[in-house]
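Here is the structure we will look at, set down as structure tokens.
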Number of protein chains: 2
Amino acid sequence: MSISSVADWAGVSVATVSRVLNGHANVRPETRERVMAAVESSGYRVNELARNLRTAESRLLLTMVPNVGNPFYAEVVRGIDSVARQHGYFMLLCDTGADPGRERSYFDLLRRRRADGAICLDPATIQQALAEESGALPWVACCEFDQAVGVPYVGIDNYRAAGDAVRHLLARGRRRIALINSGDGYLYAQQRQQGYLDALTEAGLTPDPRWLVNLDSLDYAAGAQAAAALASAGSIDDTPDAIFAVSDTLAIGVINGLRGAGRRVPDDVAVIGFDDIAVAAQIDPPLTTVSQPMQELGRTAARLLLQRLANPSATVPGVLLPHRLVIRSSA
Amino acid sequence: MSISSVADWAGVSVATVSRVLNGHANVRPETRERVMAAVESSGYRVNELARNLRTAESRLLLTMVPNVGNPFYAEVVRGIDSVARQHGYFMLLCDTGADPGRERSYFDLLRRRRADGAICLDPATIQQALAEESGALPWVACCEFDQAVGVPYVGIDNYRAAGDAVRHLLARGRRRIALINSGDGYLYAQQRQQGYLDALTEAGLTPDPRWLVNLDSLDYAAGAQAAAALASAGSIDDTPDAIFAVSDTLAIGVINGLRGAGRRVPDDVAVIGFDDIAVAAQIDPPLTTVSQPMQELGRTAARLLLQRLANPSATVPGVLLPHRLVIRSSA
DNA sequence: GTGAAAGCGCTAACAG
DNA sequence: CTGTTAGCGCTTTCAC
């Protein structure tokens, strides 16, 4: 049941069927109706494999994400999906586990014409490699980005956001502020760390290296463990009186770990997170955090990519979306 | 840069290039090497659009999910992705919002040959409609399924699982057990509700209709609201002393709502959830819940679908995976 | 306003 | 072991 059977059925040529299917002008209303009737009654559907070969586009957007299981990424993905759909594109979702090998093989989908463009949320270290080999392949960076890579991006000002978090803690009278970070590969992690460091020194404080922990993980459990370690490293006033975690998942784990160590939040130690995932408002105590516009981050990334696809030569800007400090009870 | 340029470059025919690209036998090692060299140096990549048209398969699996933002679904999706990848397939992810219209238009991707098969996690009501119009289209149901639909499925025994939850509450001496459910469209919700009802009556209790609430949502906030309403409907011993929520997200909201209403968990009211999402172990008190093998659910669904694709005539079984009561502190 | 025909880039008979 | 060739089903000039 191909386009030619429909053509036969309607007593027209395949060209005409194609025209009405694609809503072209220059088809007599009468003919159009005849074709439509044939389409209806035959239950015909275009074979988009064929159409795509012919038009040389897949109408698929590739999304490469370290872990959809992380609520932050899941929301971003939803944002991408929503605007892709709106524009007649679908989303190929690839969970890379931030693994360079997997990442590269996924990215190859672009070269194989299985996707028209890609959105990458993976570590900047990987993105740099991608950019080198990618030639002019259409892709954009989302959330994690390196301005120097020269690829369109959307994200937030991680440096300032981290500074805002730390300054809030400072304003609340905290002085022994720890940072629980997610590790090196991510530029956002480095930027937040720098924001933390600078905010501290600007306040006349000397960052204590014992209180700067890098985890290489965003898991709840990792946060809990790290917090327990921090708390058990000394007496209550020789250990941090505040912890800034670079993600809400970590922060929630931190609160749990602190509880296990017998520390009260925020009385003994204040905790501030990052992202503002849905569950952050539900826990006890409700989490103070730096909110990112997760869905909008995804939507913008998709828009940038679509823009790039529509006009490959135009220079697409990098865009920074606003973050916002959401003060609840944990800090 | 097509296969024919590579052929020219290597001084062979396109057929030969195709053979080495697809790892066919019957190619002299020497020729093979010559071709490989040409491929390397030209940076050639197959156009899978063309290959797919020719072989009449897209090697894409469509996943239709009500909401990837829900941690439960996100984990299932990861499971699907992992086995799809393992078998050379990629995943088209569609967030349907459980909307029948969107769902149907996504499902049409199968007919348009953009996906080889589909995995549906949407409400059974939608699945029934799908099954009627779907003819012999290859798809499987995952988590949410109706045995009567005659489509391969994977899930758990929701009726028994709910019963197990309620019996646990009963064993802990609770008698005024409320159910917070997610609403009608989902068969799993009905099954869990029936399991709840039957477990109660088997214990000689009469279910109190005031304590059976249907939410039509899995949001944290919805759970919180429902719990607050339940708690404020009367004095402490005229309101539930236990709440069974059909999802951890709801349960976490419930705990929050209860706290807001001045009720202690589990002292005043025990709370039990469903799914065992990662955050369930982190909150205060740690959530007692019915664990589902989320990733394995997704992996199995993908395997069933792949099986169906490999052998369309074989009858693929429905499979029920084990659930497990995870007792923590909330109940 | 409509049709004929040429491909898109690939795979798979079929020959040799 | 390798080459020739016929499509896969569609869109799109180019004629009429």
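Keep in mind that what you see is a predicted model, and the values were worked out from it rather than measured.
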Taking only N and O in the side chain of A:Thr16, is any of them less than 4.0 Å away from OP1 or OP2 of C:dG3?
yes
Side chain to side chain donor-acceptor pair (under 3.5 Å) pairs touching residues 6-22 of chain B, sequence neighbours excluded, are B:Ser13-B:Thr16, B:Ser18-B:Asn22, B:Asn22-B:Arg51
List the residues meeting salt bridge (charged side-chain N to carboxylate O under 4.0 Å, His left out) with B:Glu40, not counting sequence neighbours, and say none if there are none.
none
Between B:Gln127 (side chain) and B:Asp122 (backbone), is there a donor-acceptor pair under 3.5 Å?
yes
Those residues at least two apart in sequence (or on a different chain) that pass side chain to side chain contact (heavy atoms under 4.5 Å, CB included) with A:Val154 are A:Cys142, A:Leu297, A:Thr300, A:Ala301, A:Leu304, A:Val319, A:Leu321
Test of understanding: with side-chain hydrogen bond (donor to acceptor under 3.5 Å, both in side chains), list the residues that count as partners of A:Ser41, not counting sequence neighbours.
none
Between the two end axes of the helix from C:dG1-D:dC16 to C:dG16-D:dC1, each built from 5 base pairs, what angle do you get to the nearest 10°?
40°
List in chain and number order the residues that pass salt bridge (charged side-chain N to carboxylate O under 4.0 Å, His left out) with B:Arg112, two or more places apart in sequence or in another chain; answer none if no residue qualifies.
A:Glu48, B:Asp108
Reported CG-to-OH distance for the pair A:Leu121 and A:Tyr188, which is rounded to 0.5 angstrom:
10.5 Å
By side-chain hydrogen bond (donor to acceptor under 3.5 Å, both in side chains), which residues pair with B:Glu144, not counting sequence neighbours?
none
Sequence-distant partners of A:Asp95, salt bridge (charged side-chain N to carboxylate O under 4.0 Å, His left out), two or more places apart:
B:Arg78
Give the first and the last nucleotide of DNA chain D, reading 5' to 3', that has any atom under 4.0 Å from a heavy atom of chain A.
D:dG9 to D:dT13
So CZ of A:Arg45 and CZ of B:Arg111: to nearest 0.5 Å the spacing works out to 5.0 Å
Near-strand residues of residues 29-42 of chain A, defined as heavy-atom separation under 4.0 angstrom from DNA chain D
none
Please list every donor-acceptor pair under 3.5 Å in which a side-chain atom of residues 58-66 of chain A meets a protein atom from a residue at least two apart or in another chain.
| from | atom 1 | to | atom 2 | distance (Å) |
| --- | --- | --- | --- | --- |
| A:Ser58 | OG | A:Leu60 | N | 3.3 |
| A:Ser58 | OG | A:Arg114 | O | 3.3 |
| A:Ser58 | OG | A:Asp116 | N | 3.3 |
| A:Ser58 | OG | A:Asp116 | OD1 | 2.9 |
| A:Arg59 | NE | A:Gly88 | O | 3.2 |
| A:Arg59 | NH1 | A:Glu57 | OE2 | 3.1 |
| A:Arg59 | NH2 | A:His87 | O | 3.1 |

Going 5' to 3' through nucleotides 6-12 of chain C and flagging B where a protein heavy-atom sits under 4.0 Å of the base, S where only the sugar-phosphate is that close, and - otherwise, we get BBBBBBB
Relative to the ring of B:Phe145, is the ring of B:Tyr153 parallel (under 30°), tilted (30 to 60°) or perpendicular (over 60°)?
parallel
